[in-house]
Amino acid sequence: MSKRESTDSDPDLLWTPSDPASSQTDLFRQHINSTLRLSLHSYQDLWEWSCSHRSDFWSSLWDWEHVIGTKGQSSTTIPIVDESATPADNPVWFPEADLNWAENQLRHHTSRPDDIAVIQTSEPCGGWSPPVRRITQAQLYILVGRVQRSLRKAGVGKGDRVAFWGGNCSEAVVVLLATSSIGAIFSSAAADFGVDGVIERLEQIRPKIIFVTNGVVYGGTARPLLPLLPTLLSTLTKPPDRLVVILHLPEELARVPQDLARDTEDWNGWLDQEEGEVEFLRMGFNEPIWILFSSGTTGRPKAIVHRQGGMLLDSLREHHLAGDIGPRDVYFYYTTPGWMMFQYLVSGLATGATIVLYEGSPLKSPSFLWSLIDELGITVFGTSAKWIEQISKHYPDVGSKHSLSTLKQILSTGSPLPPHLFDFVYEKVKKDVLLGSVTGGTDICSVFAGRNTSLSVYRGEIQSRMLGFALDTDTGPDLPGELICNRAFPVEPLGFWPLRGHGFPESEVETAQKRFKESYFKDDKGIWYHGDYVQITRPRSGNAGGILMLGRSDGVLNPGGIRFGPTDIYSVLENEEFASLGVEETLVVGLMVEGGADEKVILFIKMREGRELDETLIKKIKTSIRSARSARHVPGKILQVSDIPLTLTGKRVEVPIRKLINGAPVQSINPATLRNPDCLAEYVRLGEHLRREEENREV
Ligand SMILES: CC(=O)CC(=O)O
């Protein structure tokens with residue numbers, strides 16, 4: 001459908017669609033022109049209109065995507081959205097609508113019952129070769145019905161929380177769909193979170209029922225989860241009414257401890273045995289659907305509540321309108337149920353595509369996922385910038401080893417995709433492929449800017465701002481600045497959990513909503529500040545102006561695409577035990593590595609007078625972080641410093657120190673804002689040393 005272009009006029013142009021006029025985006029533009037009597041000539045025109053006429057845009061999109069449900073009329077008395085509302089107003093969208101997210105995901109089960117809806121795969125583990133499991137649309141519908149009825153029998157209803165902890169398996173998808181079908185609220189934790197990480201998430205939402213897999217596979221070994229359950233159950237203030245164990249791995253790889261069997265139910269025994277209809281509870285557009293967690297710079301993980309209508313409509317905008325994904329597609333995204341990309345992948349079902357789940361390390365065998373593309377006929381392959389970087393180093397000749405004939409799109413997220421990896425993909429993987437770097441995140445459970453089948457791909461750039469999102473920077477065009485959204489958008493979270501009306505004390509509700517406001521709104525203009533540092537480029541031929549990702553604008557860490565806050569580290573180290581070992585103060589920041597494709601976590605430690613940071617202490621710090629959090633949280637480097645810079649009010653300053661160690665001049669920091677500015681010079685020196693070390697390592 002498309003070809004690589006290399007023109008003398010623009011050496012950065014890497015790929016251009018062969019027939020942009022047949023893309024969903026362009027067909028939609030033509031449809032808008034004819035139905036609303038407009039003359040929008042380009043994507044840029046369409047994007048501007050979609051931002052300035054958001055009621056018309058989102059309402060037309062509902063019709064274009066044939067959403068199942070009642071939309072309600074758009075009129076001046078009851079508009080789709082109050083167009084004057086800012087993101088801080090967080091307005092109601094589609095006030096008259098009635099729909100169900102899961103009903104829309106399962107809408108192909110009658111027209112295409114035998115199509116494969118879900119393929120579950122996993123890396124091999126020891127002597128075990130996990131079978132590829134295929135579930136048709138009709139089978140998926142039946143499974144959702146069985147789980148739905150069992151949930152109801154267990155007393156789970158609208159607004160109750162349902163939690164899933166474990167592997168990337170089809171049961172996770174089924175539980176998500178069944179939960180939404182009855183209006184309950186889904187939440188999940190990945191198996192690689194340490195037990196403390198799971199507790200601080202589930203404690204906040206108090207699930208009525210928890211599903212857990214007996215283990216997961218990663219890096220060729222099985223990691224049993226059930227031995228951690230006693231700690232989880234004894235720590236939760238309100239343990240769940242029911243605990244259902246999914247024997248996802250063979251029992252010899254992850255046994256059910258004897259004493260646990262009493263307190264849990266087995267998935268197969270718990271499941272309703274009938275094969276009845278699924279009853280979808282249609283609800284308002286603004287009802288909560290799931291709670292995702294994201295680490296901020298301070299405090300417990302933010303419990304972000306998303307609205308079902310926004311999740312449905314915008315995922316159709318993303319997958320179908322921007323991505324042209326449909327029933328003939330086989331769609332893979334490397335994720336776990338603990339990341340928003342799980343929801344992003346699952347919501348591909350509404351397009352009629354087959355979704356592919358994979359559990360395991362993406363790199364244990366670097367050829368594995370490439371072979372999977374050929375084996376399953378994957379057409380859209382989603383991964384991370386870090387993975388592409390690793391492949392470019394350890395398995396560079398991809399194109400000569402795999403056919404990749406079905407592959408149309410490679411998507412990348414997690415961290416910025418640097419220009420050299422665009423070159424790598426087009427030179428070594430495949431010439432005729434859309435390489436789409438996408439960005440958004442847990443906060444919106446969607447994509448603000450990303451892949452667009454109607455536009456060209458330029459080296460190092462995200463293709464476009466997505467329709468309906470009034471994105472800008474706080475500095476204006478062509479200048480680096482913070483990514484902002486100026487106008488209200490339907491995937492804005494409803495707030496942080498607990499929301500009002502769910503039986504939580506008013507004081508907890510108020511604290512959560514105050515934290516929500518503080519997390520995204522910095523000024524009195526009501527603008528959404530996303531936390532990313534970007535540059536919006538000028539439009540050029542075949543492109544409406546792309547986005548260059550420059551990093552995070554807050555202190556959030558992002559090694560290997562896994563985001564967490566410095567507090568995840570501080571809270572492990574700030575206790576009597578580490579104080580007695582001499583740890584006085586700590587500071588954690590990210591060092592850009594691999595040409596910006598990844599970040600290395602650097603932990604600076606100030607020791608008490610006369611104490612030294614030795615290898616034994618470093619080892620203990622690493623072990624403690626690994627067991628309380630996860631292997632991904634373990635700092636890449638732990639260094640002793642003579643002082644930790646603090647603001648006048650005694651706060652640690654992660655953002656300026658991150659800039660310094662990544663090469664910003666010391667003059668970029670205003671010393672008057674610090675209590676101890678003299679210590680900055682030490683960080684400049686350490687930064688130079690760390691960057692040199694990385695350069696030598698990469699050569
Ligand atoms: C779409 C994304 O932005 C995903 C992420 O990096 O969290």
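In each ligand, atom 1 is the first atom listed, and ligand 1 is the first ligand listed.
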Close side-chain approach of Val118 and Thr354, heavy atoms under 4.5 Å: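 With C-beta onward as the side chain, the pair stays apart.
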
Ring centers of Phe489, Phe448 separated by less than 6.0 Å: yes

Side-chain ion pair, Asp196 and Arg629, N-O less than 4.0 Å: no

Checking a contact table here: which protein heavy atom is nearest [atom], and how many Å away?
| atom | value |
| --- | --- |
| atom 2 (C) of ligand 1 | Thr413 OG1, 3.0 Å |
| atom 3 (O) of ligand 1 | Gly440 N, 2.9 Å |
| atom 7 (O) of ligand 1 | Trp339 NE1, 3.2 Å |

Parallel, tilted or perpendicular: ring planes of Trp528 versus Phe521, cut at 30 and 60 degrees: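 Aromatic pair Trp528/Phe521 classed perpendicular.
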
Atoms in ligand 1 flagged as close to Gly441, the criterion being non-hydrogen separation under 4.0 Å: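 The atoms of ligand 1 under 4.0 Å from a heavy atom of Gly441 are 1 (C), 2 (C), 3 (O), 7 (O).
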
Distance filter under 4.0 Å to Thr439 heavy atoms, resulting ligand 1 atoms: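 That gives atoms 3 (O) of ligand 1.
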
Sub-3.5 Å N/O-N/O distance, Met341 and ligand 1: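 Looking only at distances, the answer is no, because the N/O contact criterion of under 3.5 Å is not met.
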
Contact summary for Cys169 and Leu357, nearest pair of heavy atoms: C-CD1, 3.4 Å

